[in-house]
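In what follows, a single structure is set out as structure tokens and then discussed.
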Amino acid sequence: MPPILVFALAAVVLFAGGIFAIRASGARPGMARRLAGAREVRVGDLLDTQLPPNRPVRVAGRIRCPDPIVTETDDRLVAFHRDVQVKPPGGPWRTIERIREARGFELWDHDGSLGMDPALAAEPLVVIPHVWRGSSRELTNDAYRSALARLGADGAAWPARSVTRMVSVVERLLVLASVQHSEAGVVLAPPPGGYVISGLELDDAMRLLGGHRQWLLLGGYAAIAMGALVAVAGVVWAALG
């Protein structure tokens with residue numbers, strides 16, 4: 001094999017391995033960069049501005065919602081996301097339930113408020129997830145049993161998991177949003193990819209978006225950096241050769 005192809009193949013393998021490692025770490029580096037890189041502003045500051053910011057900003061405020069989602073445990077929410085999955089033997093995780101509920105609300109501080117719709121949020125919501133792990137035999141709901149039967153898992157004991165993310169009306173939010181002027185005044189609009197909604201302070205949000213396997217994240221970035229070096233080395237070798 002020609003040396004230039006060896007360099008190219010090695011670079012591709014390192015790039016692919018790095019991307020896989022970053023995904024396997026559970027990290028969301030793109031979302032973290034968008035949220036952390038934006039300027040933080042208060043709602044009242046936006047209402048006083050004459051020219052809207054030309055880039056998305058991180059808006060801080062609290063929730064005011066007259067018609068929240070009320071759960072069985074009397075939680076009052078503006079967003080409720082739940083995914084229930086099972087894993088067939090030798091296969092990938094399969095989703096048997098995907099719930100997305102949202103209520104429009106006002107993001108406010110003492111100087112004013114701005115409306116927004118969390119149905120336009122990017123996923124995942126940046127909140128502490130509630131995670132359950134167990135067996136498919138524990139999923140006794142009729143809808144679950146029907147879905148499992150369709151997958152051929154009726155009566156089987158496949159690994160199962162449920163991840164629930166909620167935004168409560170009592171939370172203080174950080175919201176990555178675009179600011180626009182309309183006939184009604186200043187409005188918050190979803191930036192490309194949707195609002196990034198965090199119920200955590202920025203430092204905590206960054207830790208959550210960094211994933212639960214930090215060593216994989218660091219290894220992934222290291223592999224990508226090595227891939228770039230190998231690619232450069234291949235170009236230099238070809239030029240000198």
Side-chain angles (χ1 to χ4, degrees), residues 26 28 31-32 35 43 58-87 93-110 113-151 153-154 157-177 188-191 193-212:
R28 303 278 180 165
M31 183 175 284
L35 186 63
V43 172
R58 189 173 65 245
V59 189
R62 294 196 172 274
I63 296 170
R64 184 160 56 204
C65 179
D67 182 31
I69 303 163
V70 181
T71 68
E72 294 177 355
T73 56
D74 207 32
D75 293 311
R76 285 168 167 73
L77 314 173
V78 293
F80 178 86
H81 291 187
R82 182 168 68 200
D83 294 280
V84 180
Q85 299 177 311
V86 295
K87 192 177 189 304
W93 287 95
R94 302 287 297 274
T95 299
I96 62 173
E97 181 182 65
R98 186 177 189 272
I99 295 176
R100 298 292 184 270
E101 295 185 38
R103 294 284 191 278
F105 64 90
E106 291 182 326
L107 192 66
W108 73 277
D109 59 27
H110 293 294
S113 63
L114 292 168
M116 60 172 293
D117 182 1
L120 302 176
E123 294 192 24
L125 300 171
V126 187
V127 298
I128 302 298
H130 300 271
V131 180
W132 170 86
R133 298 182 186 276
S135 165
S136 59
R137 289 180 178 173
E138 299 174 70
L139 302 175
T140 57
N141 181 287
D142 289 342
Y144 295 157
R145 301 315 310 176
S146 297
L148 290 169
R150 290 194 297 271
L151 293 175
D154 200 15
W158 291 358
R161 66 186 181 189
S162 171
V163 181
T164 303
R165 294 180 173 88
M166 302 179 289
V167 178
S168 168
V169 296
V170 301
E171 294 184 40
R172 176 184 182 272
L173 296 186
L174 299 176
V175 178
L176 182 74
L188 295 180
Y195 297 113
V196 177
I197 298 179
S198 172
L200 305 173
E201 294 298 328
L202 186 60
D203 288 347
D204 294 329
M206 291 302 101
R207 281 192 286 270
L208 183 67
L209 292 171
H212 54 281

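Small disclaimer: the values here were computed from a predicted structure and weren't measured. Worth knowing before you read on, the calculation uses all heavy atoms, side chains too, and leaves out hydrogens, waters and symmetry mates.
Once rounded to the nearest 0.5 Å, the distance linking CZ of Arg94 with CD of Gln85 reads 10.5 Å. Of the inter-residue distances, the one linking Asn141 atom CG with Ser146 atom OG reads 8.5 Å to the nearest 0.5 angstrom. In this structure, OG1 in Thr71 is found 10.0 Å from CD in Glu101, a value given to the nearest 0.5 Å.
Residues satisfying the side chain to side chain contact (heavy atoms under 4.5 Å, CB included) criterion with Thr140, sequence neighbours excluded, are absent altogether. Residues that satisfy the side chain to side chain contact (heavy atoms under 4.5 Å, CB included) test with Arg62, not counting sequence neighbours, are Trp108, Arg172. Considering only residues two or more places apart in sequence or on other chains, Arg100 meets the side chain to side chain contact (heavy atoms under 4.5 Å, CB included) condition with His81, Asp83, Arg98, Glu123. Asp203 pairs by the salt bridge (Lys or Arg N to Asp or Glu O under 4.0 Å) definition with nothing, not counting sequence neighbours. Evaluation of the side chain to side chain donor-acceptor pair (under 3.5 Å) rule for Arg58 yields Glu40 as partners, not counting sequence neighbours. Under the salt bridge (Lys or Arg N to Asp or Glu O under 4.0 Å) criterion, Asp142 pairs with no residue, sequence neighbours left out. Taking the salt bridge (Lys or Arg N to Asp or Glu O under 4.0 Å) definition, one finds that Arg145 meets it with Asp154, sequence neighbours left out. Looking at residues two or more places apart in sequence or on another chain, you find no side chain to side chain donor-acceptor pair (under 3.5 Å) involving Arg150. Judged as a salt bridge (Lys or Arg N to Asp or Glu O under 4.0 Å), and not counting sequence neighbours, the contacts of Glu97 are Arg82. Take Asp204 and apply the side chain to side chain donor-acceptor pair (under 3.5 Å) test, not counting sequence neighbours, and it matches Arg207.
Of all heavy-atom pairs between Leu174 and Leu202, the closest is CD1-N, 3.8 Å. Summarising the geometry of Gly104 relative to Pro118, their closest heavy-atom pair is CA-CD, 4.0 Å, with the distance given to 0.1 Å. Of all the heavy atoms in Ala160 and Val86, the pair that sits closest is CB-CG1, 4.0 Å. Closest heavy-atom contact between Ser162 and Val84: OG-CG2, 3.9 Å. Between Leu107 and Val59, the shortest heavy-atom contact is CD2-CG1, 3.7 Å.
Thr164 is listed as a side-chain neighbour of Met166, based on a closest heavy-atom distance under 4.5 Å. Put simply, the side chain of Phe105 does not reach to within 4.5 Å of the side chain of Arg64, judged on heavy atoms. Contact check for Leu77 versus Pro68: no side-chain heavy atoms found under the 4.5 Å cut-off. Between Arg76 and Cys65 there is no side-chain heavy-atom pair separated by less than 4.5 Å.
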Expected list for residues 125-136: side-chain donor-acceptor pairs under 3.5 angstrom, two or more places apart:
unit_1, atom_1, unit_2, atom_2, d
Ser135, OG, Arg137, N, 3.1
Ser136, OG, Ala156, O, 2.9
Ser136, OG, Trp158, N, 2.9

Would you mind writing out the side-chain donor-acceptor pairs for residues 193-200 within the sub-3.5 Å range, not counting sequence neighbours?
unit_1, atom_1, unit_2, atom_2, d
Tyr195, OH, Leu188, O, 2.9
Ser198, OG, Leu200, N, 3.1
Ser198, OG, Leu200, O, 3.0

